[in-house]
Number of protein chains: 2
Amino acid sequence: MPAHSILNTLNDALRRDALENIGKMHMPAGSVVFSAGEQCRGLPLVTGGSIKVQMTGLSGQSIVLYRMGADDICTLSIGCLMTGRGYRAEAVVEEDAEALMIPRGLFDRLMDQSEDFRLGIMESYGRRLDDLMLLVEEVAFRRMDERLREWLAARSGKRVLAITHQELAVELGTAREVVSRLLKEMERNGEVLLSRGKIALPGSFE
Amino acid sequence: MPAHSILNTLNDALRRDALENIGKMHMPAGSVVFSAGEQCRGLPLVTGGSIKVQMTGLSGQSIVLYRMGADDICTLSIGCLMTGRGYRAEAVVEEDAEALMIPRGLFDRLMDQSEDFRLGIMESYGRRLDDLMLLVEEVAFRRMDERLREWLAARSGKRVLAITHQELAVELGTAREVVSRLLKEMERNGEVLLSRGKIALPGSFE
DNA sequence: TAGCTTCAGTGATAAAGTCACATTCAGCGT
DNA sequence: ACGCTGAATGTGACTTTATCACTGAAGCTA
C-alpha cells in the first residue's frame with residue numbers, strides 16, 4: 001500500500017493495528033474531499049496527488065488557503081475530529097489523489113502509543129499555522145500584481161497553465177476583473193500569452 | 001497556584017510531576033513574551049490577563065493575528081518547541097498576564113500519559129486554525145469600515161478606549177491614515193468622539 | 001514657555017474592488 | 001457548416017483602500 005512517512009516509525013503491533021483499520025481512498029480530480037459544515041469521519045493522510053483547501057466567506061467569495069500533497073496530513077480534520085464541529089473550509093482534488101483514512105479510534109491509539117506519531121502530527125500543525133500566518137500577511141499587505149507574478153512563477157514548470165481568471169482570482173482572494181486586467185497588462189509587456197482558459201508562460205512562446 | 005483547566009484532569013502522579021516542573025510567569029503590560037526568530041523554551045498556559053500575537057511582514061507592516069487570555073494555550077509555541085524553528089510572530093502583553101510554563105520534557109510526558117491533555121492541546125490547535133482561517137477571509141473580503149465598527153463594538157464595554165490610530169491600524173492590518181479617515185467620518189456621524197490617544201464610544205457622551 | 005516628540009488630519013495619486021454590461025470563444029446539436 | 005448557448009474574458013465608470021508627503025495639534029519636559 002502507498003506509504004505515508006508518518007507510519008514508518010510505528011512498531012509491529014501498531015503497524016498491524018494500522019494495516020487493519022486504515023481505509024484507502026482514491027479520489028479523481030474534481031471530487032470534493034469534504035465541504036463546509038460537514039462532519040469529519042477520520043484523519044486523511046495524503047499519499048499522492050494534490051488537494052486544495054479553500055473557504056467561502058459570508059460574502060460568497062472564496063480564497064484558497066493552502067494545498068496538500070504527498071506525505072501531508074490533513075491537520076484541519078483533527079480539530080473537527082476532536083471537537084465534533086463541522087469543517088469550516090472545503091477541500092477539492094486538483095490532481096488525482098490518494099489518501100489513507102485513519103478512523104478516530106485508531107488515531108487515538110496512535111496518539112497514545114507512538115511518540116513519533118505525535119511528533120509528526122504536532123509538526124504538521126505547526127507548519128499549517130505558519131502557512132496561514134504568512135497568508136494573512138500576504139493578503140493584508142502585498143500588492144496583487146506581485147502576488148500574481150509569484151503565483152505564476154511558482155508554476156513555471158508547466159509551460160501552459162490551464163486555469164481561468166475566475167479560478168486564479170480564488171487562488172489570490174481577489175476579484176476576477178482584477179486578475180483579468182493584471183494579466184492583460186502582463187500580456188502587453190510580453191510576460192504571458194493569454195487564450196481562453198489558458199495562460200502561456202515565457203519559454204513556451206519565445 | 002493559579003489553575004489552568006487543562007491540568008485539572010491529570011492523575012496524581014502527573015499532577016505531582018507538573019507541580020514540580022511548571023514554572024510560573026508574571027508579565028506586566030507591555031512586556032514581550034516572545035519575538036520573531038526567538039527559540040521556544042516551553043509551552044505557556046495562560047492563566048490570566050491578555051496577550052496579543054502579531055506578526056510583521058517583509059514590508060515592515062504589522063497585523064494582530066489573535067489574542068490569548070485566561071485558560072488559553074499558546075499553540076504557536078508547540079510547533080516551535082517540536083521543530084526547533086524560531087517563532088514567526090511576536091507576543092506582547094496587553095493586560096498584566098500570568099502563565100504556567102511547561103518545559104519540553106514535561107510536555108512530552110503529559111502528551112504521552114494523559115489522553116485529556118492531548119485532547120485539550122488538539123482542541124486548542126483546532127480553534128487557532130479556525131481563527132486564522134476566519135481572519136484570512138476577513139482581511140481578504142470585508143470592508144474596512146465594517147471591520148473597524150465591529151472592532152469597536154466588541155469593546156463597547158469600556159466607554160473610552162485608550163488606543164492610537166496607529167495601534168488600531170495594526171489591529172486591522174491597514175494604514176494609519178485609513179483608520180484616521182474612517183474614524184473622522186464616524187465622528188461626523190456622531191458614532192464616536194475622538195481625542196488624542198482616545199476613542200469615546202456612544203453611551204459615554206450622550 | 002520653548003522645544004520635542006508623538007499623534008492626528010488631509011490633499012493628491014495609485015492600486016484594488018465593485019457593478020454593469022459588451023464581446024468572444026468553444027462545444028454542441030442539427 | 002451553421003447557429004445557439006453558456007462560459008470566459010474585456011472594459012468603462014465609480015468607490016474604497018493604500019501610499020506618499022506633508023501640516024498641524026497636543027502633551028511633555030527642560
Side-chain angles (χ1 to χ4, degrees), chain A residues 30 56-64 135-152 160-201, chain B residues 30 56-64 135-152 160-201:
Chain A
T56 303
L58 299 173
S59 53
Q61 290 168 107
S62 301
I63 182 171
V64 172
L135 181 59
V136 169
E137 198 254 323
E138 179 163 330
V139 170
F141 300 129
R142 309 234 2 250
R143 291 181 44 133
M144 198 52 78
D145 56 349
E146 283 184 52
R147 293 178 55 209
L148 173 57
R149 282 193 178 80
E150 283 176 19
W151 195 97
L152 294 173
V160 178
L161 302 176
I163 189 172
T164 66
H165 298 182
Q166 178 57 53
E167 289 165 337
L168 203 31
V170 170
E171 291 289 333
L172 300 171
T174 183
R176 196 263 314 161
E177 297 91 316
V178 174
V179 171
S180 287
R181 275 193 259 258
L182 289 173
L183 283 173
K184 208 67 196 162
E185 172 82 21
M186 289 176 70
E187 187 176 46
R188 276 191 287 271
N189 295 344
E191 297 176 75
V192 295
L193 211 158
L194 303 176
S195 57
R196 191 187 178 84
K198 291 198 183 68
I199 302 174
L201 302 174
Chain B
T56 302
L58 298 172
S59 52
Q61 291 168 108
S62 301
I63 182 170
V64 172
L135 181 59
V136 169
E137 198 255 322
E138 179 164 330
V139 169
F141 300 130
R142 309 233 3 249
R143 293 183 45 128
M144 198 52 78
D145 56 349
E146 282 184 53
R147 293 178 54 210
L148 173 56
R149 282 193 177 81
E150 283 175 19
W151 195 96
L152 294 172
V160 178
L161 302 175
I163 189 171
T164 66
H165 297 184
Q166 177 57 53
E167 289 166 336
L168 203 31
V170 170
E171 291 289 333
L172 300 172
T174 183
R176 197 261 314 159
E177 297 92 317
V178 173
V179 171
S180 288
R181 276 192 258 258
L182 289 173
L183 283 173
K184 209 65 195 163
E185 172 81 22
M186 289 175 71
E187 188 176 44
R188 278 191 286 270
N189 295 344
E191 297 176 75
V192 295
L193 209 157
L194 305 175
S195 57
R196 191 187 175 85
K198 292 198 182 70
I199 302 173
L201 302 175

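Everything numeric in this text was worked out from a predicted model, so none of it was measured.
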- line: To the nearest 0.5 Å, atom CG of Leu152(A) lies from atom CG of Leu161(A) at 6.5 Å
- request: Nearest whole angstrom, please: distance from the P of dG10(D) to the CD of Glu185(A).
  value: 13 Å
task: Ignoring backbone atoms, test whether Gln61(A) places a side-chain nitrogen or oxygen under 4.0 Å from the OP1 or OP2 oxygen of dG17(C).
output: no
field: Rounded interatomic separation in angstrom, taking CZ from Arg188(A) and C1' from dT9(D)
entry: 13 Å
- prompt: Should the pair Glu150(B)-Arg147(B) be classified as a salt bridge under the 4.0 Å nitrogen-to-oxygen rule?
  reply: no
message: Distance check, rounded to the nearest 0.5 Å: Glu191(A) atom CD versus Asn189(A) atom CG?
response: 5.0 Å
- request: Using distance alone, with no hydrogens and no angle criterion, decide if Gln61(B) and Ser59(B) have a side-chain donor and acceptor under 3.5 Å apart.
  value: yes
statement: Between Ser62(A) and Thr56(A) the two heavy atoms that sit nearest each other are OG-OG1, 2.8 Å
Strictly under 3.5 Å: I want the nitrogen or oxygen pairs between protein and nucleotides 13-16 of chain C, one per line.
from    : atom 1 : to        : atom 2 : distance (Å)
dA16(C) : OP1    : Met144(A) : N      : 2.5

Check ion pair Arg149(A)-Glu146(A) (N to O, under 4.0 angstrom): no
message: Whole angstroms only, please: what is the CD-P distance between Glu167(A) and dA7(D)?
response: 13 Å
query: Do the charged groups of Arg142(A) and Glu137(A) touch, with an N to O distance under 4.0 Å?
result: no
query: If we only count heavy atoms from C-beta on, is the Val170(B) to Ile63(B) side-chain gap below 4.5 Å?
result: no
message: Check the phosphate of dG10(D) against His165(A), side-chain N and O only, distance under 4.0 Å to OP1 or OP2. Yes or no?
response: yes
- prompt: Which whole-number value in Å describes the distance from Lys184(A) NZ to dT11(D) C1'?
  reply: 11 Å
message: Can you work out whether Gln166(A) or Phe141(A) has the more 5'-proximal nearest nucleotide on DNA chain D?
response: Gln166(A)
task: Classify every nucleotide of nucleotides 20-30 of chain D by which part a protein heavy atom approaches to under 4.0 Å, writing B for the base, S for the sugar-phosphate alone and - for neither, in 5'-to-3' order.
output: BB---BBS---
